[in-house]
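Here the structure is laid out as C-alpha cells; the discussion comes afterwards.
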Amino acid sequence: MDYSVWRIALAGLLAGVIGTGLGGLIISAVGQPSKRVLSFVLGFSAGVMLAMIFVDLLPESLDIGGPTYTFIGVLLGIVLLLLLDFVVPHQHVAGGEEQRAHYLRLSILLGLGIALHNLPEGLAIGTGYAASQERGWRLMMATLLHNVPEGMAMAGPMVAAGVTSIKVAAAAIVAGLPEGIGALLGALIGRVSTATLAISSSFAAGAMLYIVFDELIPEAQEHAEGHSGTFGGVLGVVVGMAMLYYM
C-alpha cells in the first residue's frame, strides 16, 4: 500500500477518535451526578441519539439507497439489539454495583451502535479521497464534527456509572476507531455500492433506535425529579440538531 492510502486511513481515524472523544469529554465534565442530573444526562443522550437518527442517519440512507434498503437496514439493526437483549437481558435495578454494571452494559451497547455507524462513515471518507483530495477533506471535517454528539450520547450512561473522565473519553475514542478502518477500506476499494452504504447507515439507526426506547428514555424517567428527564431529552434533540446542521 502506498503512502497516500495510509494518509487517508489516518484522516478517517482522526475524524472518528477526535469527534467522539471530544463529545465524551464534554459530558464527562459533569462528574458524579445527582439523581436529577443523572436523569437529565440520560435524557440528553436519548435526545442526541434521536436527532442523529432522524436528521442524519435515516435521511442519508434514504438519499443514498431509497426506502427499501433503509427499511431493511433499520429492521436488521433492531433485530440485532433485540437478540443481544435476549442473550444479556437488561435489569432496571435500584442501586449499588448492579446499577453501575447496568449502565456500563448500556454504554457498551451504545458504543457498539456508534462503532457500527462509524465504519460506513469511514468508507465514505476513503471513497471521497479516492475521488478527490478536496472532497475527502470536506467529508473528513464534516464527519469529525458530526461525531461529537455521538460521543456525548455514549458518555451519558458512563457518567451515570461513575466512570472517570479519562476512561469516558478513552471509551469514546475507541468507538471512533472503526472510522479509520472504514477509511482504509474505502481508499483501497475506491468505490462502495450504494446498497452497502444505505443499509449500513440505517442498520446503525435501527440499533440506536432500539437502545433509545428500550434503555435510555425509561432510565431517564425512572430517575427523574420533576421533568428533569424530559427537559434533558428535549434539549438533547435541539443540541443534536444544531450540531448536525451548523457544525
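Along the sequence shown, residues carry numbers from 1. Keep in mind that what you see is a predicted model, and the values were worked out from it rather than measured. Side-chain atoms are counted along with the backbone in the values below, which use heavy atoms only and exclude waters and symmetry mates.
- Distance check, rounded to the nearest 0.5 Å: CH2 of Trp6 to CG of Leu184 gives 5.5 Å.
- Within the 4.5 Å cutoff, no side-chain heavy atoms of Val234 are placed close to those of His227.
- Under the 4.5 Å side-chain criterion, counting only non-hydrogen atoms from C-beta, Asn147 is in contact with Thr143.
- Nearest heavy atom pair, residue Pro59 against residue Phe54, reads CG-O, 3.2 Å.
- Cluster membership check: Phe231 shares its hydrophobic cluster with Leu50, using side-chain heavy-atom separations under 4.5 Å among Ile, Leu, Val, Met, Phe, Trp and Tyr.
- Leu62 and Met52 sit in two unconnected hydrophobic clusters of ILVMFWY residues. Membership requires side-chain heavy atoms under 4.5 Å apart, directly or through other members.
- Side-chain atoms of Ile125 and Glu179, non-hydrogen and from C-beta on, do get closer than 4.5 Å to each other.
- Nearest heavy atom pair, residue Ala15 against residue Met140, reads CB-O, 3.7 Å.
- Considering only heavy atoms from C-beta on, Ser202 stays 4.5 Å or farther from Leu57 through its side chain.
- When hydrophobic clusters are built by joining Ile, Leu, Val, Met, Phe, Trp and Tyr residues whose side-chain heavy atoms come closer than 4.5 Å, directly or via intermediates, Leu209 is not grouped with Ile108.
- You'll find the side chain of Leu123 reaches within 4.5 Å of the side chain of Leu185, heavy atoms only.
- When hydrophobic residues (I, L, V, M, F, W, Y) are linked wherever their side-chain heavy atoms come within less than 4.5 Å, the members clustered with Phe71 are Leu75.
- Closest approach of Val168 to Ala155, counting heavy atoms only: CG1-CB, 3.5 Å.
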Begin with the C-alpha distance, continue with both residues' side-chain angles, and end with the deciding distance and a verdict on side chain to side chain contact (heavy atoms under 4.5 Å, CB included) for Tyr210 and Leu80. CA-CA 10 Å; Tyr210 184 92; Leu80 172 66; over 6 Å; no
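- The distance from atom OG1 of Thr194 to atom CD1 of Ile199, rounded to the nearest 0.5 Å, is 9.0 Å.
- For the pair Leu216 and Phe44, the minimum side-chain heavy-atom distance is 4.5 Å or more.
- Side-chain N or O atoms of Asn118 include none that pairs as donor or acceptor with a backbone N or O of Gly16 at under 3.5 Å.
- For the atom pair CD of Glu219 and OG of Ser45, the computed distance is 12.0 Å after rounding to the nearest 0.5 Å.
- Between Gln221 and Gly229, the closest heavy-atom pair is NE2-C, 3.8 Å.
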Could you go through the side chain to side chain contact (heavy atoms under 4.5 Å, CB included) check for Tyr103 and Val163 one step at a time? CA-CA 10 Å; Tyr103 286 129; Val163 178; over 6 Å; no
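- Between Ile64 and Tyr69 there is no side-chain heavy-atom pair separated by less than 4.5 Å.
- Panel note: side chain Ser228, backbone Ser39; no donor-acceptor pair is recorded below 3.5 Å.
- Following chains of ILVMFWY side-chain contacts shorter than 4.5 Å, one cannot reach Leu25 starting from Ile166, and the two form parts of different hydrophobic clusters.
- Cluster membership check: Tyr245 does not share its hydrophobic cluster with Val238, using side-chain heavy-atom separations under 4.5 Å among Ile, Leu, Val, Met, Phe, Trp and Tyr.
- In terms of heavy atoms, Ala183 sits closest to Ile8 at CB-O, 3.6 Å.
- Scanning all heavy atoms of the two residues, the minimum distance from Val159 to Ile27 falls at CG2-O, 3.7 Å.
- Summarising the geometry, atom OG belonging to Ser28 is positioned 10.5 Å from atom CE belonging to Met152; distances are rounded to the nearest 0.5 Å.
- In this model, a donor atom of one side chain and an acceptor atom of the other lie less than 3.5 Å apart for Thr70 and Ser61.
- Here CD1 of Ile114 is found 10.0 Å from OG of Ser107. Values are rounded to the nearest 0.5 Å.
- Annotation: side chain of Leu58 is in contact with side chain of Val74 (closest heavy-atom distance under 4.5 Å).
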